[in-house]
Amino acid sequence: MKFASSYEPGEYESDIYGAWEASDIFAPPVPTVPVDNNGDGKDDRDNKNTYSIVMPPPNANGNLHIGHGLTIAVEDSLIRYHRLKGNSTWYIPGADHAGFETWVVYERNLEKQGHTRFEYDRNELYARVWDFVAEQRGNMELQLRALGASCSWDDLTFTLDENVIDRVYTTFEKMWNDGMIYRGEKLVNFCPKHQTAFADIEVEHKDEKGTLWDIAYTYDGGEIIVSTTRPETLFGDAAVAVNPEDERYKDLIGKTVHLPLANKEIPIIADEHADPEYGTGAVKITPAHDFDDFEVGERHNLERIKVISENGTMINVPEKYYGLTTAECRKQVLKDLKAADLFRGEKQLVHSVAHCYKCGTVLEPMLKEQWFVDVEKLASVAIKHLEQNEIKFHPANKQKVLINYLKNLKDWNISRQIPWGIAIPMFRRVTDAATDEPDWIFDRRTHLKEIEVGGTKYVRDEDTFDTWFSSSHWPIVCTDWTEDNFNPYYPLNVMETGADILFAWVARMIMMGLYVTGEVPFKEVYLHGLVLDAHGQKMSKSKGNVINPMDLVAKYGSDAFRLGILRGRSAGMNQAFSENSVIAGRNLCNKLWNIARLIQSTVDDSNETLENVHQRPCATNEERRSEVPPVTTGRNERVVDESFSTPYSTLNMGEDWICREINDCLNQVESSMKNYRFAEAIEVLYQTIWDKYADWFLESQKIFKNTGLLKQTLETILIALHPFAPFVTEAIWQNLSWTDGFIATAKWPNKLKFDPISAAEFEGLISVVSEVRGTLQALPGTNNAKKYSLLYGNDSLVEDNLMLIRTLTKVPAINSLDGQPRGLRLALANHELYLDVPEKVVTEYKDALTEKILSVGRELDALNARMMNPNYVNKAPEHLVKETKDQIKEKESLISRLKTQLDLI
RNA sequence: GGGUUGUUAGCUCAGUUGGCUAGAGCGUCUCGUUUACACCGAGAAGGUCGGGGGUUCGAGCCCCUCACAACCCACCA
């Protein structure tokens, strides 16, 4: 016996993954490179049947977190589903050099060893981090395997692979030639700790309490009071601005004021930026250290005086303040202002402050020369394609959100002062001699610090690319898209990633895809939300509520994790997650395992051969001995389906019914997958497998053993569940005696053939059995099922299914009612059935019966009220009206029978 | 200030164009160890679908409005 009594995922998962990988079944059947079979120089591949997804690359030297777990569950379910559907699926795995993240870790290590980055040059640092990453690498890839990701490992792309860098340089060169790249001295968000600039999108704004100080700037015959949260920057002030409409200051515009603590006069200018309602209505302008002031400065051509250095100390200030940190300087300035009697008060306020998203340090707006991408053209092209609905979004509203973002996009700072990344391929001219040579030239030889072109020397810019600049090429580089060849895997079928990086990544992939290839990079976008903890709180180390996916995989199995994390989750929503849903998944896997175990043992017992499949299978000995006639549903021919590997026929209504239910289930799974409703697909599979297949069909098969159908239906539900629970379904498939190959590469099942009339009749049996069970439990006393037998009047459904009803209800006997009715009549409209209970019990049941009559009466009243409404009868669809009429009839007949029963008591 | 989403059972969530008595998992309660499964089986309790108004024969779903919650963008001298 291969099937143990419970499914232990740990015993199977790694072997199964190993077997899949060894058989190379995850490589796409349609080649990923051009193929010319007939030598006509043309690519002979077609893309009718391809399905491609690129994995958002997890950090190469990190561990997977819960979000990765969700990503893989979603992507791999899609991939496996489409593989079963017969597509040539290509799931391309990736690994991210994670520029900034990895750099932070590496630099921390350096510091621990008592070194700093400044001891090494850029090339040395790059080589050192490369080795560091190489040492750490591998865990993440093992974890992807543990999650069951059926990706094509040979095609793994690392974000620093040569082809990636090549492609990035090609794009950059094209942009440079197209005039979309410029070097600008602009204010950037600068982290004094990490010594690098960030893009706007990487900045984390937090509300903080601060102080607003009022300072007097004097002029001949008066003073103007400005409010500031940053008094230390006053040495960088280039003007004081007032609103042109502000009557209070109209006469002062154009005059100069004395800059406190500095021997300097600055002008009073008129600018809309000054809000008359705020503070005194006058504001100091520091173009080099404030984003708004920078813009004011541009409008008025003001001097940009840099008073804070990149390591956060004061420069270009009077001797006294030089070299102080900003905090020290602020203290000193305030003290000196008070001493000079220029301090005019202070108040507390809450304002948002920019922080480094990694270390939390307050970011300093810093004047720097950086490379910028002019995004106007990129964004407008992207907007055009988005507005033409070339990409379908899940959830749909994100399309609008994205367009809105692109409409307000500012130029993109792509320079980062971090050694770990792709070097910017730009070189600056060093010779002083006056020359016509350009200041900057593009060159791919970034491994060199210095190059010579046409006798002129150039040195490389030390900076590296913002990682989003290179990752915006991800669909292009992973699929090996080229200008020259048709690529059946590009655009991708779907891009799946977190909703939190819609702007940072998805937007940029779309812009870059269009710029480089002229096509949108993917046809659909599925965005998942954050995985929150069980109480709906964001997971964080500091809260201690982080759930590690690998712990859950180890504890409950990979399938249980996948089922659990997809359950109850819909696109774009931040949703809670708890171990309970994983436990439910584990239980389903075990249930399925035991279903297979039961069927395999049935198959083993039957000694079945193909020849006797079409004959009616053996009933149990008990049934044969009984005098009950064979099961019939009144029809002469049975449905026989030979289109399956194991031909089967349906022989009774339970069998027809389960075929119908499985077909419904397949339809619902198919439509759910089309609409990315994974939770719904899992839900319907769960219900079908557990509540229908196991609880009704398999129970009924304890009497009728139709091995052909058992095999066929089991294969069907296994394949249907495989996309979500790949391991347990494969483990079962490998253990079954009659299956071949891998379930992972099986064919998605055809619909089962069945007799619909017979299938519907089984529902009558379900309601009979349910009513018997419910009534037995409601009766006083315990173990009622063993005590009371069932009596039936003129009822063919019951008469034809005595054995089955007995098995399902556990009643000791079912007898034909001879003569006077006795016992308790069951509340079934279309069946004459009695539980053979003593008068005393019936009497005790009186209250319940009365309540039942009342509740049916209430239902009847509601239905009657509906029919009394002429508008309903006239306007509602006919079938609904007819349905209501039928229901009224049924309820009326039921209520009269129950009343008769009550009268008898 | 602009935008997005949400509010349905004790908890976490479904509920597709309006249409039978609003569903599931987990939890709770009762009963049951019957040879696939106690990671089980049978049964049950639990909901004025955030409040108010409107449209409709009919609203959890559509419209208006209010409240509360979460998130994003911008601004914050």
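Each chain gets a letter, A, B and so on, in the order the sequences are listed, and its residues count up from 1.
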Flag if over 12 foreign heavy atoms under 6.0 Å of NZ, A:K674: no

C1' spacing across the pair B:G23 / B:G46, given as an integer number of angstrom: 14 Å

N or O in side chain of A:K591 less than 4.0 angstrom from B:G41 OP1/OP2: yes

Base-pairing mate for B:G1 - Watson-Crick or G-U, with both contacts under 3.5 Å: B:C73

Side-chain donor/acceptor of A:K410 to base of B:A74, under 3.5 Å: no

Watson-Crick or G-U wobble partner of B:G6, both distances under 3.5 Å: B:C68

Given B:C72, B:U21, B:C26, the nucleotide with the shortest approach to the side chain of A:F503: B:C72

Given B:G19, B:U16, B:A36, the nucleotide with the shortest approach to the side chain of A:E680: B:U16

Nearest-angstrom distance, C1' atom, B:A44 to B:A9: 14 Å

Option passing side chain to side chain donor-acceptor pair (under 3.5 Å) with A:H355 (candidates A:E208, A:H205, A:E204): A:E208

A:N404 vs A:A576, nearer the 5' end of RNA chain B by closest nucleotide: A:N404

Sugar-phosphate only, base, or nothing, as touched by A:E883 at under 4.0 Å among non-hydrogen atoms: base

